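Below you'll find the structure, written out as structure tokens, and then a few comments.
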Amino acid sequence: MTSVKEIMSYRSFEKAKLITGEMGLGNEVNGVMVMEAPDIESWGREGLMILTSYFAMEDVSRERIALFFEHAKKIGISAIVVKIDRLVNEIPEVFIDSCGKYQIPLFQIDKSTTYEKIITEVLETIINRNAYVLQNFYDVHKQFTRLMMRQPEIPEILQTLKQLLKKPVSLLELPRNRMIGTDAIYDDFEILDTEVQNAKKHLNLSFTQNTVRYASDPNHIYKQLVVQIPNLSYEKFYLIIHERNQSSDDVDLMAIENAVTALQIELLTRYTIRQNNQSRLNEMASDLLHGRLSKQEDIDDTIFQLGLDYARKYRVILINFDSEVENTQEENTLAARFSDAIITHSRVAFPDRVYVTRKNKVILIAPSDKVSIEETKQKIRLATKDLLKLEMYSHFNLYTTISNDVTLSELSIGYRQAVDAQKVLQLTGSQQAISSYQDMGIYQIFVETGNFDSLHRFIPENILRLQKENPELLKTLHTFIDLNQNYTETAQKLYIHPKTVRYRIDRLKEVYHIDLGSPEEILRYSIGFRLLNFIGDDRHDAHLRNIHN
């Protein structure tokens, strides 16, 4: 990178006078042009040094000059050089003030200094620099190509980059907050500020710069250059260059880009292997959950392969999710990514868990020793709350259920408990709800797998009769009981007059002999209304079959 300060040392600038002081001298110069017109928004570009005799500005208004400098700052003009000759005896004050306001270095040269001399020196330096950068890119690319042929581990890639940059480097993996670094003393730091860097020419990467304080040197503030590694999994990987007090130039950025490519290939390889292994483990864990294995030898081998322990107890956590958006190919892809995100975040909350994935469903087998049900719920909330804050996932509804503690031989029982709890939760619970099998209370009697066909036996005859004869009265009764027999709130909920509610309730009492003063009868109706949700609805039946599959 060629800076304005370096150009000041050129022979063509021997007689140049710096008007604006030290500001902006670090600006990069990647081109030079003689200004012919003030429409800089049409021809200006970042890093351009402008040469002018002020002829183009001679009849331009102060307002147009102000607009010229606004555009110059926005574009990223590196410097302006004004030639004093027969047209201009001195640089106008408005020009000097504007350069100062927008921190654009301003130089004055006399008529003995030719534009040709400045242009030749500047372009020669830029061309030579570009050739040097290109050769370095070629050499570094060859080095990383040879490295990748050996299928290196991540630490070796990082060490190679450190040798090229002469700076420590680290790889941060989120959400596990795991750091792999070339120098351990730089792995512990506090981020004080983060700033997005402008896109670098010839590079396909976006950078951010962190201002940090290292635990090993708390009395000083340093800089880091950070770039995210693109990858297929939900995990986020960040390459961190610990610049300390040495900024990275264009040659360093070329090396960083090659390292990012190498890391991306390695992470892709790991992801592919992990996905293949998980596909195999998925089926093994699914066999255990569904009780498909009959031979003890097969059961023992599966438990060993999954890394489970006979001495521990486990809970089955069933996370189902659905979308409020139309089912499209794009939405299916997003659902798969959401499932991957849930798995990744659950690793932090339940490091020893085994998981199974199915469409719109994640099943965790997590050790339960020394962790209460309430603590398990809290872990799930923490693991999912950040996901649901993301706009791309905000339209997903989560339903999470937890089994009782079970031994490995009872794992299929635990899975059935989680499934049964899902049936209740999705039909009676709220979105983003978390419930355990124990929370079901009396519903455990009704929802044991296989007993749904006989649920109508537990619904009061009056409810079944009203469902057939007068659905409107049934809805009124349901709402009235749910709202603690409050006439006004029931009327508001049903968008009818309170007198209409009273008329309907009186009719229920007279025609159907419903005693709303009996706590026992109210309890039977409350349970009956909820059980009614489980029968006679094909959509619910299909959804429940999907939960169990």
Side-chain angles (χ1 to χ4, degrees), residues 1 129-187 189 197 199-210 223-244 246-281 333 336-337 340-341 343-344 347:
M1 181 184 79
R129 179 65 183 180
N130 288 341
Y132 172 73
V133 170
L134 183 62
Q135 183 61 48
N136 270 272
F137 178 81
Y138 177 70
D139 293 341
V140 169
H141 184 69
K142 283 200 306 183
Q143 183 174 348
F144 272 102
T145 300
R146 289 194 299 268
L147 178 66
M148 295 310 297
M149 293 295 290
R150 302 202 308 268
Q151 296 182 329
E153 295 289 329
I154 287 176
E156 187 177 356
I157 298 174
L158 297 179
Q159 283 293 343
T160 300
L161 181 59
K162 177 189 175 181
Q163 292 169 7
L164 290 169
L165 301 181
K166 304 296 188 294
K167 302 183 184 85
V169 294
S170 303
L171 184 70
L172 172 64
E173 178 191 351
L174 295 177
R176 285 194 284 179
N177 204 36
R178 185 174 66 176
M179 187 84 75
I180 303 173
T182 58
D183 300 77
I185 62 170
Y186 295 105
D187 290 347
F189 56 83
Q197 297 292 291
K200 308 293 183 182
K201 64 176 182 176
H202 311 313
L203 293 179
N204 298 315
L205 302 174
S206 298
F207 295 85
T208 57
Q209 187 177 66
N210 288 341
K223 298 291 185 181
Q224 295 176 343
L225 197 63
V226 183
V227 57
Q228 185 173 349
I229 312 294
N231 70 101
L232 292 178
S233 69
Y234 180 78
E235 294 101 330
K236 292 183 179 180
F237 294 88
Y238 296 90
L239 178 62
I240 301 173
I241 292 82
H242 304 278
E243 293 189 305
R244 295 171 291 185
Q246 305 172 21
S247 60
S248 299
D249 61 17
D250 44 6
V251 174
D252 291 334
L253 296 178
M254 293 291 185
I256 293 169
E257 184 171 39
N258 276 276
V260 167
T261 301
L263 289 167
Q264 190 176 9
I265 293 172
E266 175 60 20
L267 292 173
L268 176 60
T269 301
R270 290 188 176 194
Y271 176 77
T272 303
I273 293 172
R274 188 169 72 242
Q275 289 298 100
N276 289 336
N277 289 339
Q278 185 53 44
S279 179
R280 178 176 59 86
L281 295 175
T333 301
R337 187 163 179 82
D340 190 27
I343 292 166
T344 301
R347 182 186 292 128

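Only a predicted model underlies this, so the values are computations on that prediction, with no experimental measurement involved.
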Q. Is there a side-chain contact (heavy atoms from CB on, under 4.5 Å) between Leu263 and Phe237 once you walk through the steps?
A. CA-CA 10 Å; Leu263 289 167; Phe237 294 88; over 6 Å; no
Are the side chains of [X] and [Y] in touch, meaning some heavy atoms are under 4.5 Å apart?
| X | Y | result |
| --- | --- | --- |
| Asp249 | Arg129 | yes |
| Asn177 | Leu172 | yes |
| Ile229 | Leu171 | yes |
| Lys223 | Ser247 | no |
| Lys162 | Gln159 | yes |
| Gln135 | Tyr132 | no |
| Phe207 | Ile241 | no |
| Ser170 | Asp187 | yes |

Once you round to the nearest 0.5 Å, how far does [atom1] of [X] lie from [atom2] of [Y]?
| X | Y | atom1 | atom2 | answer |
| --- | --- | --- | --- | --- |
| Asp183 | Leu158 | CG | CG | 10.5 Å |
| Glu243 | Leu225 | CD | CG | 4.5 Å |
| Phe137 | Asn258 | CZ | CG | 5.0 Å |
| Leu161 | Lys166 | CG | NZ | 11.0 Å |
| Asn136 | Met254 | CG | CE | 9.0 Å |

Under 3.5 Å, is there a donor-acceptor pair between the side chain of [X] and the main chain of [Y]?
| X | Y | answer |
| --- | --- | --- |
| Asp340 | Ala336 | no |
| Thr182 | Val169 | yes |
| Gln228 | Lys236 | no |

**Q.** Where Ile157 and Ala262 come nearest, the two heavy atoms and their spacing
**A.** CD1-O, 3.8 Å
Q: Write down the atom of Val140, the atom of Ala255, and the distance for their closest heavy-atom approach.
A: CG1-CA, 3.9 Å
Q. Is it true that the side chains of Asp139 and Gln143 contain a donor and an acceptor less than 3.5 Å apart?
A. no
**Q.** Pair Met179-Phe189, side-chain contact (heavy atoms from CB on, under 4.5 Å): steps then yes or no
**A.** CA-CA 11 Å; Met179 187 84 75; Phe189 56 83; 3.6 Å; yes
Q: Test Ile256 against every option in Leu239, Val251, Thr261 by the side chain to side chain contact (heavy atoms under 4.5 Å, CB included) rule and name the one that passes.
A: Leu239
**Q.** Among Lys167, His242, Arg244, side chain to side chain donor-acceptor pair (under 3.5 Å) partner for Tyr186
**A.** Arg244
Q.
Let's go through Met148 and Ile265 carefully: what are the C-alpha distance in whole Å and the side-chain angles of both, what is the deciding distance for side-chain contact (heavy atoms from CB on, under 4.5 Å) to 0.1 Å, and is it a yes or a no?
A. CA-CA 9 Å; Met148 295 310 297; Ile265 293 172; 3.8 Å; yes
